[in-house]
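Quick notes on the structure that follows.
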Amino acid sequence: MNQPFSGFSKLSKEEKINWIAEAYFSTPEQAVSLLKKYWNSDPKIQKLHDEFIENTITNFYIPLGVAPNFLINGKYSTIPMAIEESSVVAAASKAAKFWSTRGGFKTTVINTEKIGQVHFIYQGDVSKLELFFAQTKSKFFADTENITTNMQKRGGGILDIELRDKTNLIDNYYQLHATFETKDSMGANFINSCLEQFANTLKRESQNFELFSETEKDIQVIMSILSNYVPNCIVRAEVSCPVDELEEKHIQNPHDFAERFVQAVQIAEVEPYRAVTHNKGIMNGIDAVIIATGNDFRAVEAGVHAYAARSGQYSSLSHAKIENGIFSFWLEVPLALGTVGGLTSLHPLVKLSLEMLENPSAGELMQFVAVAGLAQNFAALRSLTTSGIQEGHMKMHLNNMLNQLEATDDESLQVRKHFKHHVVSHSGVVNFVENLRK
Ligand code: HMG
């Protein structure tokens, strides 16, 4: 293939599959058969999935697991997690069980403000632009009333609109920087619709502003789009208990453990190489719940990492301390989530996941997600500062290795029996299976 295929999108699904199979696979029939094996047997469900995206050829499975025993603000929940990486669900479950007997997780939604911007170029006197904005501001609200009426009924809407001078960054660059409350929706469509109307109002009203010269009237809107950076849409999750109560099978000296744990967090606070991996561990938990509940993990990832770098240096999202004999561990993350709209009412497993969480509001979902992130971080740091990560990770990875080796049921049984008492390693498992097969 060294020329573009015009009209690919117009082919039927069957034609697309056949074309792909012929173009890229040495055994096209096998490729077609594999793609079809992953179709849902119910044509209605398959059609639904086909239409989530474009050019769909099959489904790409990610397991949906559950982590039980999460005691959050005094109430037990089971958290759904969609993720392909072994040991994440086990780690979250273990941390949930651990903290359930030590007071559980406490969460607080600190604020829920979303942001959108109209980026534009204005060539002229800034004081005239400021006067224009002050006189026009109410029109931005009036012109978007048809978009905002329902959101206002739910208690949301446009919170404020500011004119921001960004000419220190790019010549003649300004913004309308708007803040929104979008209640239980993530709000992307609502915000973008408002912003596009702001842009129209801006262009129309600038034509009518008498103080503007012809050049000043010629405002160029570059784009209107929400921001996935939401530093004022923050949730906090925390755990704490007396240091003595940290004792369990892997934590024989709780004081030593608590100190090492706090030091591990401090390293992530000051050392970006460590902070990225530390936060990746947090995102193991966060992304898994975000995906299971039909939210946009790319938006959350981008916003969370920007937040982690807000001081100018990338740093840990979580923090820990020991004060007066009390160990505390907490996390604050920006999360713009929705429990209505988008995939939430379309994807059957998203609906099921939300029902498992007792149909939370967006604020409640923020709390589940933050707790999953903190639990995951606790589990990883507990392993890292005690036995090392490989022991538990490889124990959970054993199934993948057995599948890779196409082990029989009997071989799997013997491998599991042997590695109950031996550290799991890839070469160890391969050697053991090879010996069995000799
Ligand atoms: P363990 O102590 O050997 O487990 O831990 P256990 O067999 O004694 O079971 C204790 C509990 O753990 C269970 O209670 C479960 O809650 C859970 P129970 O259900 O029996 O009442 N658990 C499981 N849940 C579901 N399925 C299982 C299972 N096994 C245990 N098969 C464990 C084993 C893996 C949990 C532990 O070693 C651990 O937490 N390890 C950390 C693993 C981890 O963090 N994985 C994330 C991937 S690594 C990574 O990408 C991030 C990293 O780089 C981040 C960073 O650097 O900060 C590490």
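Keep in mind that this is a model prediction, so the values were computed, not measured. Ligands are counted one by one from 1 in listed order, and the atoms in each one are counted from 1 as well. FYI, the numbering just counts along the sequence from 1.
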Check each atom of ligand 1 against the heavy atoms of T277 and keep those under 4.0 Å away; list them by number with element. 53 (O), 54 (C), 55 (C), 56 (O), 57 (O)
Looking at W330, is K321 sitting on its ring face, NZ or CZ under 6.0 Å from the six-membered ring centre and within 45 degrees of the normal? yes
Does atom 37 (O) of ligand 1 have a protein heavy-atom neighbour under 4.0 Å away? yes
Could you identify the single nearest non-hydrogen protein atom to atom 40 (N) of ligand 1 and state the distance to 0.1 Å? S383 OG, 3.1 Å
Examine the proximity of ligand 1 to V89 and report which part, side chain or backbone, both or neither, has a heavy atom under 4.0 Å away. neither
A student checking ligand 1 against N284 at a 4.0 Å heavy-atom cut-off should list atoms 46 (C), 47 (C), 49 (C), 50 (O), 51 (C)
Would the F378 and F261 ring centres measure less than 6.0 Å apart? yes
Counting only heavy atoms on the protein side, is anything nearer than 4.0 Å to atom 12 (O) of ligand 1? yes
Rounded at 0.5 Å granularity, tell me how far OH in Y174 sits from CD1 in I222. 13.5 Å
Select the closest option to atom 56 (O) of ligand 1 among R274, K280, K94, judged by heavy-atom distance. R274
Under 4.0 Å from a heavy atom of H278: which atoms of ligand 1 are those, numbered in the order shown and with their elements? 57 (O)
Salt bridge flag under 4.0 Å for residues E85 and K280: yes
In this structure, OH of Y173 is separated from CD of Q220 (nearest 0.5 Å) by 15.0 Å
Just go through K97, K249, H397 and tell me whose heavy atom is the nearest to atom 21 (O) of ligand 1. K97
